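These notes concern the structure reproduced below.
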Amino acid sequence: MVGRMSTSSENSKLNYILHLADNSLILGQRLGEWCGHGPVLEQDIALTNIALDLIGQARYFYQYAALTDNRGKSEDHYPYFRGEREFKNFLLLEQPNMDWAYTMARQFYYDSYCFVMYTEMLKSKDEQLVSIASKAIKEVSYHLKYSSEWVIRMGDGTEESHEKVQNAVNDLWEYCGEFFETTQYESEMIEQGIAVDASKLKEKWLRSVGEIFNEATLIMPEGKWFQTGGKEGVHTENLGYILTDLQYIQKTMPGLSW
Amino acid sequence: MAISKEAIYKTLSTVVDPEIPVITIEELGILKNVEIEGDKVIVFITPTYSGCPAMNMIELEMRTALLAEGIQKFEIKTVLFPPWTTDWISDSGLQKMKAFGIAPPEKTSRSKRVLFGETINVECPQCGSTNTEMVSRFGSTACKAMYRCLDCKEPFDYFKCL
Ligand SMILES: [Zn+2]
């Protein structure tokens, strides 16, 4: 079919872009919570730097969502005025910071995923997604280097740091299965060569995570059961609290700007 | 249109990076191109890092510069592809950076390893010694890492390769 995409196809594309945007936004917001609370100044600065990259990437996706959406919304509509059920981020990314081991384990799982996912996205038929991926992958490579180093440093560190990071990777494991699930909006976009078929990335992801765990003397979790739903708007209780914080000003004084 | 695109480009090329005020956006490779469509000026820029807060400031200064030239109808468009790389920083930009006290980035064409922060022999911008070590992968801004010189003992910023 030549010409305009069908409405359902437009919705699928919008949902897919929002899924990508929400991932970056929610993790960026979570990392921002460390600002002023980092264990040492250098790591405080590192996390806020990563958070800024993520929020910058989220903005590219929200701007693209606004162009794709035929309702004429601005990029700010999506982060500030959607409800919890409309957010499509992975459950992993809304999990609380807890301690340094959890924060780094969450970062490492997600950076490893992003690296393989954005590499694949460079082959998308969608020009704008390729542009954003080409920009994001440079930043993600650097984030991955950083989170890998921390996983190794803690895993191959003291008895206490080893135990903490092993517990963190074990606990967060159940949220990683969702990376490789395919929603309906994705399958339509995969068919059109626009979305990345994440179900095909699992082996690569397992291999790269395994290599670092090996170096970190960590045991790869083996759980087969995974908590899913985030991509389709069914979240853990954590997201509500994040959004309350994130959306407070715009909901109290809509349209307020600096 | 009375003003040529070359003249507009020249005006805009004097805008400096608020974080490193000795370097212009042209030297940094942020300013890409100027086009004139009918009576409208279109300026193409490319961001360094996705989350670089200086980009908003740079856009504001570009607006001010255009308005000061009496140009009212313009649009500043952000281009993401091809993604910005530190290889686009001009030689004069690299020299000014060093004089400003920031160790300039290696050319990524020389070694892909530098892209992953595996920098070898970063030269101290104070004393020129290569006996230096990284303190942190992330510095005061997204584009920098923190280093220290083991000879003159001075800490310094290193502009990371991207
Ligand atoms: Zn020195």
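These numbers come from a predicted model, not from an experiment. Each chain gets a letter, A, B and so on, in the order the sequences are listed, and its residues count up from 1. Computation of the quantities below employed the complete heavy-atom set of this structure, encompassing side-chain atoms and omitting hydrogens, waters and symmetry-equivalent molecules.
With a threshold of 4.5 angstrom between heavy atoms, E149(A) approaches chain B through side-chain atoms but not through N, CA, C or O. No part of T78(B) comes within reach of chain A, as not one of its non-hydrogen atoms sits under 4.5 angstrom from that chain. Interface remark: Q128(A) contributes side-chain atoms only to the contact with chain B (heavy atom separation under 4.5 Å). The parts of I132(A) that come within reach of chain B are both its backbone and its side chain, each placing non-hydrogen atoms under 4.5 angstrom from that chain.
Within a 6.0 Å radius of CD in E133(B), more than 12 heavy atoms belonging to other residues, nucleotides or ligands are found. More than 12 heavy atoms of other shown residues, nucleotides or ligands fall within 6.0 angstrom of atom NZ in K144(B). Heavy-atom neighbours of K32(B) NZ from other residues, nucleotides or ligands within 6.0 Å: above the threshold of 12. Within a 6.0 Å radius of CZ in F81(A), more than 12 heavy atoms belonging to other residues, nucleotides or ligands are found. Dense packing is recorded around CZ of F100(B), with more than 12 heavy atoms of other residues, nucleotides or ligands lying under 6.0 Å away. Enclosure of atom NZ in K204(A) is not indicated, since only 12 or fewer non-hydrogen atoms of other residues, nucleotides or ligands lie within 6.0 angstrom.
Looking at every heavy atom in both residues, I45(A) comes nearest to G139(B) through CG2-O, 2.9 Å. The minimum heavy-atom distance between T85(B) and K138(A), with the atom names listed, is CB-NZ, 3.6 Å. Nearest heavy atom pair, residue Y142(A) against residue K160(B), reads OH-CD, 2.9 Å. Residues E139(A) and T48(B) come closest through the heavy atom pair OE2-O, 4.5 Å. Shortest non-hydrogen contact noted between P47(B) and K135(A) is O-NZ, 2.8 Å.
For the atom pair S136(B) OG and Q43(A) CD, the distance stands at 5.5 Å (nearest 0.5 Å). Note: H143(A) NE2 to F138(B) CZ = 5.0 Å, rounded to the nearest 0.5 Å.
Residue with the most contacts toward chain B among L52(A), V130(A), I55(A), N49(A): N49(A) (heavy-atom pairs, distance under 4.5 Å).
Remark: E42(A) does not engage R137(B) in a salt bridge, criterion side-chain N to carboxylate O under 4.0 Å.
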